[in-house]
2 protein chains.
Amino acid sequence: MVTLADVARHAGVSSSTVSYALSGKRSISRETRLRIERAITDLGYHPNAGARALAGKRSHIIALVVPLHTEVYVPTMMEIAIAVTVAAREHGYDVLLLTNDEGPDGVQRVAASGLADGVILMDVRLDDDRIPVLHAQRTPAALIGLPDDPGGLSCVDHDFAAAGALCADHLADLGHRDIAFIGYGSAVYRRHAGYAERTVNGFRDRAQHRGLRFLHRPCEGSYESTAGTLARILADRPDTTGFVVQNEAAIGPLLSLLRASGRTVPEDASVIAVCPDQLAEQHSPRLTSVTGPKKELGQVAVEQVMARIAALAAGAEPEDELALMPPELVVRESTGPAPHR
Amino acid sequence: MVTLADVARHAGVSSSTVSYALSGKRSISRETRLRIERAITDLGYHPNAGARALAGKRSHIIALVVPLHTEVYVPTMMEIAIAVTVAAREHGYDVLLLTNDEGPDGVQRVAASGLADGVILMDVRLDDDRIPVLHAQRTPAALIGLPDDPGGLSCVDHDFAAAGALCADHLADLGHRDIAFIGYGSAVYRRHAGYAERTVNGFRDRAQHRGLRFLHRPCEGSYESTAGTLARILADRPDTTGFVVQNEAAIGPLLSLLRASGRTVPEDASVIAVCPDQLAEQHSPRLTSVTGPKKELGQVAVEQVMARIAALAAGAEPEDELALMPPELVVRESTGPAPHR
DNA sequence: TTGTAGGCGTTATCAA
DNA sequence: TTGATAACGCCTACAA
């Protein structure tokens with residue numbers, strides 16, 4: 001193995017000079033820098049990661065904790081993970097992949113051992129048991145998702161309230177007056193999954209503001225439960241012409257059921273989904289949808305940990321950031337003007 | 001930070017004793033072991049990863065290189081990645097996530113710096129430019145996928161030939177005599193993507209053996225190209241009653257087109273797909289499919305790198321392993337007995 | 001069964 | 001602008 005000392009010898013300088021030439025932390029005469037660069041390529045030198053971590057007190061690694069099983073659409077997860085990896089590289093960092101099957105211990109392990117300088121948590125639950133260990137270790141961290149109490153942490157998530165509002169606006173703009181919000185199963189609300197509630201709240205506020213009449217109905221997503229949900233909606237509000245769906249599993253059944261009930265989408269009923277574009281494209285008709293950026297979630301999370309790592313190194317108090325990424329509406333084929341009565 | 005020396009002091013022993021107690025590389029009296037364990041929990045000691053890597057010449061990290069864009073179904077990729085991570089932990093290893101946007105340099109970097117002790121490559125191409133650097137560095141590696149020349153490497157992949165054969169057998173067993181194999185676009189074959197050719201070859205051999213008449217038609221996967229492909233198949237062989245599809249994109253179009261041509265699946269035509277179960281379940285009717293294990297791919301790859309890492313440490317010559325995982329047929333609703341003529 | 005001591009390759013402080 | 005040199009925390013022959 002080629003070491004710094006080898007390079008130094010080859011270039012006829014001391015090893016500290018080589019180190020500084022590499023880190024750029026002090027100025028080197030043009031001439032010796034060139035000699036050093038020659039030596040490095042000649043010998044094929046690569047700095048040893050372990051030694052660097054030991055001496056420099058930085059591993060240049062961040063850990064990314066991905067859920068084993070999740071409600072999140074897997075391709076979306078993957079896209080975020082890749083965005084994190086690419087963004088980290090731009091800071092000279094590599095990414096360690098952790099699964100959640102170690103639970104909080106995994107986070108504890110990599111943080112306490114100095115394996116990782118910081119941690120990014122995906123699929124954060126409102127009351128997440130990994131958060132206490134982050135606090136205890138004072139680990140630089142960023143959460144993708146919003147916990148109950150984000151105090152002392154940096155977080156980034158979709159602005160689900162804005163997503164709900166966008167749905168209400170779009171349908172209102174098209175002239176719909178009676179709207180149903182088909183949400184997740186009631187279990188999701190009972191355990192207070194943040195994104196579910198934030199979406200409904202955003203929708204509700206905007207719907208009220210726009211003078212819409214609306215219903216919010218939880219739905220398990222199976223064909224049967226969707227059928228029941230739809231039947232009850234139409235019984236309560238026969239004039240409903242707009243549907244907002246957040247539960248991806250309910251989308252397919254809903255479209256079939258509307259068709260079966262003689263309603264054509266979007267002529268008789270408009271459907272707008274809160275889901276990734278990729279999913280929205282898979283249905284027929286292709287769904288108008290509201291969704292947030294994926295890559296940006298990962299990028300922002302990386303910026304946040306990097307900021308906290310830097311703060312820790314500088315002995316400064318890190319700032320708690322909270323970034324809510326604005327969603328976007330993509331109009332496709334499933335929404336149209338409200339039918340004349 | 002709590003160090004080994006702190007623990008040693010607290011336990012009243014030398015630091016080497018603590019080190020050995022942790023590694024188990026020499027016997028420790030029951031009594032001192034207990035004192036050491038006490039000290040470790042009392043102080044909350046966690047061995048420093050950098051120091052361990054430096055002194056032990058092992059980072060206890062393997063790199064997993066995932067493709068940025070791929071023809072592989074993303075949830076499958078994710079499942080393999082997670083299986084790798086979990087399996088690695090069982091060997092005391094963590095997983096570094098690398099994307100392919102650094103190309104061969106990324107592999108070079110982590111291997112040469114000692115950041116990773118070994119590498120697992122996903123989505124290996126036949127002529128993969130990362131393979132030369134693995135050889136040059138003598139990096140312990142395992143490939144998920146089969147390259148042109150697997151010499152000096154360990155590989156694991158689905159047994160696509162067996163998958164093709166399974167398809168032929170299933171349709172033959174059901175009495176079908178004329179079968180069409182709808183493959184990937186011709187570009188895929190032109191660049192000799194291994195899995196595509198291996199599947200067709202396996203299918204062809206078995207079909208011949210079973211005395212079937214068959215056609216192999218490449219297909220881009222769009223609705224239009226699938227329509228063209230199907231039309232040509234039915235023109236050439238009007239009696240075709242069995243379809244094998246490997247190109248996932250063509251599945252949806254094919255089902256629609258068969259329906260549109262008045263053929264009911266599976267009464268008039270049987271369709272069998274070479275694709276993940278999850279995809280097969282999404283169609284209507286749910287597709288009979290052939291697919292290989294995902295988790296196992298990851299697990300085997302981990303075993304293979306571990307074996308090579310151990311060999312390298314022991315100064316032994318690593319064995320080149322080649323594991324082809326047998327696929328499984330799941331009969332669902334899209335295949336049935338051949339219709340009477 | 002336990003202790004001593006040297007070394008792993010970099011970083012960073014202190015001098016020059 | 002450059003050089004010595006002492007950490008960094010752990011591992012492991014070598015000694016006892």
Side-chain angles (χ1 to χ4, degrees), chain A residues 1-37 39-40 43-61 92 109-115 117 313-315, chain B residues 1-37 39-40 43-61 92 109-115 117 313-315:
Chain A
M1 162 175 227
V2 184
T3 73
L4 225 173
D6 295 331
V7 175
R9 213 171 302 125
H10 193 91
V13 295
S14 80
S15 49
S16 62
T17 303
V18 178
S19 176
Y20 282 116
L22 283 169
S23 69
K25 289 190 182 173
R26 77 182 183 194
S27 48
I28 307 282
S29 77
R30 177 176 173 61
E31 194 194 359
T32 59
R33 160 176 300 115
L34 287 164
R35 280 222 308 293
I36 291 174
E37 279 164 6
I40 287 178
L43 302 178
Y45 166 74
H46 286 270
N48 179 277
R52 199 157 84 107
L54 177 57
K57 308 191 168 317
R58 299 253 204 125
S59 66
H60 295 271
I61 289 176
R109 187 172 58 79
V110 300
S113 67
L115 216 197
D117 298 335
Chain B
M1 162 177 227
V2 184
T3 73
L4 224 173
D6 296 330
V7 174
R9 210 171 304 125
H10 193 90
V13 296
S14 80
S15 47
S16 66
T17 303
V18 178
S19 177
Y20 283 117
L22 283 169
S23 69
K25 289 191 181 174
R26 80 182 181 192
S27 48
I28 306 282
S29 76
R30 175 176 174 60
E31 194 195 0
T32 59
R33 160 176 301 113
L34 287 165
R35 279 222 309 290
I36 290 174
E37 280 165 5
I40 287 178
L43 302 180
Y45 167 74
H46 286 268
N48 179 276
R52 198 158 82 109
L54 178 58
K57 308 192 167 315
R58 297 252 203 127
S59 65
H60 296 271
I61 289 176
R109 187 172 57 79
V110 300
S113 67
L115 217 197
D117 297 335

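Side chains are part of it too, since the values below use all heavy atoms of this structure and drop only hydrogens, waters and symmetry mates. Naming convention: chains lettered A, B, ... in sequence-line order (proteins, then strands); numbering from 1 in each chain.
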J.: Taking five pairs at each end, how big is the angle between the two axes of the helix from C:dT1-D:dA16 to C:dA16-D:dT1, to 10°?
T.: 30°
J.: In whole Å, I'd like the distance from the CD1 atom of A:I40 to the C1' atom of C:dG9.
T.: 14 Å
J.: Over all heavy atoms of both residues, which pair between A:V13 and A:R35 is shortest? Give the atoms and the distance, please.
T.: CG1-NH2, 3.7 Å
J.: What heavy-atom pair brings B:S16 and B:R26 nearest, and what distance separates the two atoms?
T.: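 The pair with the smallest heavy-atom distance is OG-NH2, 4.0 Å.
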J.: According to a strict under-4.0 Å criterion, is A:S27 in side-chain N/O contact with OP1 or OP2 of D:dT1?
T.: yes
J.: Find the distance A:R35:CZ to D:dT1:P and express it as a whole number of Å.
T.: 15 Å
J.: Is A:G12 touching bases, backbone alone, or none of the nucleic acid, heavy atoms closer than 4.0 Å?
T.: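 Here A:G12 touches the backbone only, sparing every base.
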J.: For B:H46 and A:S113, work out which heavy atoms get closest and say how close.
T.: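 For B:H46 versus A:S113, the nearest heavy atoms are CB-N, 4.2 Å.
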J.: Is there a donor-acceptor pair under 3.5 Å between the side chain of B:S59 and the backbone N or O of B:L115?
T.: yes
J.: Shortest non-hydrogen contact from A:V7 to A:I40?
T.: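 Closest approach of A:V7 to A:I40, heavy atoms only: CG1-CG1, 3.7 Å.
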J.: D:dC10 C1' sits how many Å from B:R9 CZ, rounded?
T.: 15 Å
J.: In whole angstroms, how far is the C1' atom of D:dT2 from the CG atom of A:L34?
T.: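 To the nearest whole Å, that distance equals 16 Å.
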J.: Got B:N48 and B:T3 here, is their nearest side-chain heavy-atom distance under 4.5 Å?
T.: no
J.: Starting at atom CG of A:L115, determine the distance to atom C1' of D:dC8, rounded to an integer number of angstrom.
T.: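 Checked: the CG to C1' distance equals 16 Å.
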J.: Do you know the tightest heavy-atom contact between B:L4 and B:Y45?
T.: N-CE1, 3.4 Å
J.: Which heavy-atom pair separates B:S15 from B:A5 by the least distance, and what is that distance?
T.: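 Heavy-atom minimum between the residues: CB-CA, 4.4 Å.
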J.: Among D:dG9, D:dT2, D:dG3, find the nucleotide with the atom closest to the side chain of A:K57.
T.: D:dG9
J.: Tell me, for nucleotides 10-16 of chain C in 5' to 3' order, what letter each nucleotide earns: B for a base near a protein heavy atom under 4.0 Å, S for only sugar-phosphate near one, - for neither?
T.: BBBBB--
J.: How long is the straight-line distance from OG of A:S19 back to CD1 of A:I36, given to the nearest 0.5 Å?
T.: 10.0 Å
J.: To the nearest Å, give me how far apart CG (B:L43) and P (D:dG9) are.
T.: 14 Å
